[in-house]
*Asks:* 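Submitted below is the structure of interest, expressed as structure tokens.
Index from 1, following the sequence.
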Amino acid sequence: MLEKVISILFPVFAVVAAGFFVGKAFKPDMRHINRINIDLMVPCLVFTTLSVMPMGGQQNSLIVAAVLAVLLPGVLMFGIGKALSLPFKTWGPPQMFRNSGNLAIPLFGYAFGVSAEAPAVLLFVVSVILHITVGMALLSNSEYRLNNVLRMPLLWAAILALIFNFNGWNVWNPLNEGMKLVGNAAVPVMLISLGVQLTAIKWSGIGVGILSTVLSLMTGAASFAVIYFFIPLPSEHMRMMLLFAMLPPAVMNFLYAERFKVGADEVASMVLFGNGFTVLTLPLLLIAAFAWL
């Protein structure tokens, strides 16, 4: 079991480590690269994956499970935040919107094989759409604008993919191969970007990072329990949901916290330490996924 876990995690952590050393050595400005990735590479990955993904009862159940895994921790954080005097706008979204892109897509691929790519992308799309709608609405008050959401290429890639899928349409093969080529670059760029971002860790925020990680595991475990008992999923999807529900916070949480001035320094600590602590948490979660589910 240990050898299997190491074989799954090593490629992911190796690329993240490469990004970390690149960040330390060259201090690259990743903003433009990340923009190209999220507005071009990721939409190509989403379209080429979802447009041919078999749709049916299993996928519908997976979508419901993903929505629960995102929203239930937010409901729990209302009560936890009041009990611990933690402002919801700072602490709630990082427990809801987790690293379903940079970390989850490659992790699921290595853990469960090629068959997991499409479900992993589907989970990512559900999480991102909820983040740019529900997440922005929670943070932004009067600044929330629907047209900002409608300008997201990722959203339109998902909509078009589903239209093509449901109608049985095919994209001209040379164009589809070109989009696959661009989309295949998205995951390694995500991992390298995550590594570069980890160079910004400030050790003064470790207390916030530890508390956030503990809360993330608690709220994730609670939401997974609901999914386990009430949502019928095949065993592979159930294993994916165990990991999905307890992933660390997504980097986008920091970008939104900075934009809407809701404790950006604290959220940065949650994101960076939460992703850093995956060196400890992911092996345990993988062992649990393969041993018990």
*Asks:* Considering all heavy atoms of both residues, which atom of T281 and which atom of L217 are nearest to each other, and what is their separation?
*Replies:*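 Minimum heavy-atom contact is CG2-CD1, 4.2 Å.
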
*Asks:* Could you walk me through whether M152 and D39 satisfy the side-chain contact (heavy atoms from CB on, under 4.5 Å) test, starting with their C-alpha distance in whole Å, then the side-chain angles of each, then the deciding distance to 0.1 Å, before giving a yes or no?
*Replies:* CA-CA 7 Å; M152 296 276 301; D39 285 347; 5.6 Å; no

*Asks:* Please find the pair of heavy atoms, one from N253 and one from P94, that lie closest to each other, and give the distance.
*Replies:*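 Scanning both residues, the minimum pair turns out to be OD1-N, 3.6 Å.
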
*Asks:* Assign the ring pair F112 / F290 to parallel, tilted or perpendicular, where the plane angle (0 to 90°) is split at 30° and 60°.
*Replies:*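 F112 vs F290 ring planes: tilted.
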
*Asks:* How long is the span from the CG atom in L211 to the CD atom in E266, to the nearest 0.5 Å?
*Replies:*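 Rounded to the nearest 0.5 Å, the CG-CD separation comes to 10.0 Å.
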
*Asks:* For the pair Q95 (side chain) and S216 (backbone), establish whether a donor and an acceptor sit closer than 3.5 Å, ignoring hydrogens and angles.
*Replies:*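 Pair found, side chain donor or acceptor close to backbone of S216.
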
*Asks:* Would you mind reporting whether P249 and N99 have side-chain heavy atoms less than 4.5 Å apart?
*Replies:*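 No. Closest side-chain heavy atoms not under 4.5 Å.
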
*Asks:* If we only count heavy atoms from C-beta on, is the S223 to L68 side-chain gap below 4.5 Å?
*Replies:*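 When only atoms from C-beta onward are counted, L68 and S223 do not touch, as no gap falls below 4.5 Å.
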
*Asks:* F20 and V196: side-chain contact (heavy atoms from CB on, under 4.5 Å), yes or no, with the steps?
*Replies:* CA-CA 5 Å; F20 181 85; V196 173; over 6 Å; no

*Asks:* Quick one: CD on E117 to CD1 on I105, what's the gap to the nearest 0.5 Å?
*Replies:*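 E117 atom CD to I105 atom CD1 measures 8.0 Å (nearest 0.5 Å).
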
*Asks:* S7 side chain to K4 main-chain N or O, any donor-acceptor pair under 3.5 Å?
*Replies:*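 Checked: pair present.
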
*Asks:* Rounded to the nearest 0.5 Å, what separates atom CD1 in I38 from atom OG in S193?
*Replies:*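 Those atoms lie 10.0 Å apart.
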
*Asks:* Using a 3.5 Å distance criterion without hydrogens, assess whether the side chain of T49 forms a donor-acceptor pair with backbone atoms of L45.
*Replies:*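 Confirmed, T49 side chain pairs with L45 backbone.
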
*Asks:* Which residues pass the side-chain contact (heavy atoms from CB on, under 4.5 Å) test with V251, sequence neighbours left out?
*Replies:*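 V251: side-chain contact (heavy atoms from CB on, under 4.5 Å) contacts with Q197, V271.
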
*Asks:* May I ask you to decide if the ring planes of Y256 and H131 are parallel, tilted or perpendicular, using 30° and 60° as cut-offs?
*Replies:*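 It falls in the perpendicular class, over 60°.
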
*Asks:* Could you see if Y110 belongs to whatever hydrophobic cluster contains V114? Use Ile, Leu, Val, Met, Phe, Trp, Tyr and a side-chain cutoff under 4.5 Å.
*Replies:*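 No.
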
*Asks:* For the side chain of R98 and the backbone of F244, is there at least one donor-acceptor N/O pair under 3.5 Å apart?
*Replies:*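 Judged by distance alone, no pair lies under 3.5 Å.
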
*Asks:* Between A104 and S100, which heavy-atom pair has the shortest distance, and what is it?
*Replies:*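 Smallest interatomic distance, heavy atoms only, reads CB-O, 3.4 Å.
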
*Asks:* Take F13 and L282, measure what side-chain contact (heavy atoms from CB on, under 4.5 Å) needs, and give me the verdict at the end.
*Replies:* CA-CA 11 Å; F13 286 146; L282 280 183; 4.2 Å; yes

*Asks:* How close do A66 and V126 get, counting heavy atoms only, and between which atoms?
*Replies:*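 Taking every non-hydrogen atom into account, CB-CG1, 3.8 Å.
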
*Asks:* I'd like to check M241 versus L62 (side-chain heavy atoms, cut-off strictly below 4.5 Å). Are they in contact?
*Replies:*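 SC-SC contact between M241 and L62 confirmed.
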
*Asks:* Strictly distance-based, threshold 3.5 Å: is any side-chain N or O of T219 a donor or acceptor partner for the main-chain N or O of L215?
*Replies:*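 Yes; at least one donor-acceptor contact below 3.5 Å.
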
*Asks:* Would a single hydrophobic cluster contain both F21 and V15, if residues Ile, Leu, Val, Met, Phe, Trp and Tyr are joined by side-chain heavy-atom contacts under 4.5 Å?
*Replies:*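 In one cluster with V15: F21, yes.
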
*Asks:* Who are the salt bridge (Lys or Arg N to Asp or Glu O under 4.0 Å) partners of K180, not counting sequence neighbours?
*Replies:*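 For K180 the salt bridge (Lys or Arg N to Asp or Glu O under 4.0 Å) partners, ignoring immediate neighbours, are E177.
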
*Asks:* More than 12 non-hydrogen atoms from neighbouring residues, nucleotides or ligands closer than 6.0 Å to CE on M53, yes or no?
*Replies:*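 Buried by this count: over 12 neighbours within 6.0 Å.
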
*Asks:* Using a 6.0 Å cut-off, check whether atom CZ of F164 has over 12 heavy atoms from anything other than its own residue.
*Replies:*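 Buried by this count: over 12 neighbours within 6.0 Å.
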
*Asks:* Test your reading of the model: is there a side-chain donor-acceptor pair from D29 to the backbone of R31, 3.5 Å cut-off?
*Replies:*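 Judged by distance alone, yes, a pair lies under 3.5 Å.
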
*Asks:* Is there a path of hydrophobic side-chain contacts, each under 4.5 Å between heavy atoms, that joins W292 and I231?
*Replies:*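 No, it is not one cluster - the side chains of W292 and I231 are not joined through contacts under 4.5 Å.
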
*Asks:* Kindly compute the distance separating CE (M136) from CE (M252), expressed to the nearest 0.5 Å.
*Replies:*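 Here the rounded value is 10.0 Å.
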
*Asks:* If you take all heavy atoms of R239 and A289, which pair is closest and at what distance?
*Replies:*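 What the structure gives for the nearest pair is NE-O, 3.1 Å.
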
*Asks:* Can you tell me how far apart OG (S85) and CD1 (I80) are? Round to the nearest 0.5 Å.
*Replies:*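 Those atoms lie 13.0 Å apart.
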
*Asks:* Can you tell me if N184 uses its side chain to pair, donor with acceptor, with the backbone of L181 under 3.5 Å?
*Replies:*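 Judged by distance alone, no pair lies under 3.5 Å.
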
*Asks:* Are side-chain heavy atoms of L139 and P93 found at a separation under 4.5 Å?
*Replies:*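 Counting from C-beta outward, L139 and P93 do come under 4.5 Å.
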
*Asks:* Using distance alone, with no hydrogens and no angle criterion, decide if S51 and N165 have a side-chain donor and acceptor under 3.5 Å apart.
*Replies:*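 Judged by distance alone, the side chains do not pair up.
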
*Asks:* Determine, using the 4.5 Å side-chain heavy-atom cutoff (strictly less than), whether F10 and L243 are members of one ILVMFWY cluster.
*Replies:*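 Result: no, two separate clusters.
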
*Asks:* What are the two closest heavy atoms between F277 and T213, and how far apart are they?
*Replies:*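 Minimum heavy-atom contact is CD1-OG1, 3.3 Å.
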
*Asks:* Any side-chain heavy atom of L284 within less than 4.5 Å of one from L280?
*Replies:*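 With C-beta onward as the side chain, the pair stays apart.
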
*Asks:* Can you tell me how far the CG atom of L233 sits from the CE atom of M238, to the nearest 0.5 Å?
*Replies:*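 Reported to 0.5 Å precision, the distance equals 4.5 Å.
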
*Asks:* Could you tell me whether a side-chain N or O of T278 sits under 3.5 Å from a main-chain N or O of N275, the two making a donor and an acceptor?
*Replies:*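 Yes, because the side chain of T278 sits within donor-acceptor range (under 3.5 Å) of the backbone of N275.
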
*Asks:* Begin with the C-alpha distance, continue with both residues' side-chain angles, and end with the deciding distance and a verdict on side-chain contact (heavy atoms from CB on, under 4.5 Å) for V22 and I192.
*Replies:* CA-CA 8 Å; V22 166; I192 291 170; 5.6 Å; no

*Asks:* Would you check if L84 and W91 make a side-chain contact, meaning some heavy-atom pair closer than 4.5 Å?
*Replies:*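 Not touching, per the 4.5 Å side-chain cut-off.
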
*Asks:* Less than 4.5 Å apart, side chain to side chain, heavy atoms only: is that true for L107 and L9?
*Replies:*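 Yes, at least one pair of side-chain atoms sits under 4.5 Å.
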
*Asks:* Please tell me whether V52 and W169 are part of a single hydrophobic cluster in this structure, the criterion being side-chain heavy atoms less than 4.5 Å apart.
*Replies:*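 Not linked; separate clusters.
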
*Asks:* Is the shortest side-chain heavy-atom distance between P106 and L191 below 4.5 Å?
*Replies:*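 Sidechains of L191 and P106: in contact.
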
*Asks:* Could you check whether W203 and F273 have their ring centres less than 6.0 Å apart?
*Replies:*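 Under 6.0 Å, so yes.
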
*Asks:* Determine whether more than 12 heavy atoms belonging to other residues, nucleotides or ligands lie under 6.0 Å from atom OH of Y228.
*Replies:*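 Counting other residues, nucleotides and ligands, OH of Y228 stays at 12 neighbours or fewer.
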
*Asks:* Any donor and acceptor pair, going by atom type alone, linking the side chain of N37 with main-chain N or O of I33 inside 3.5 Å?
*Replies:*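 Answer holds: no.
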
*Asks:* Would you say N102's side chain and M190's backbone share a donor-acceptor pair under 3.5 angstrom?
*Replies:*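 It does hold such a pair.
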
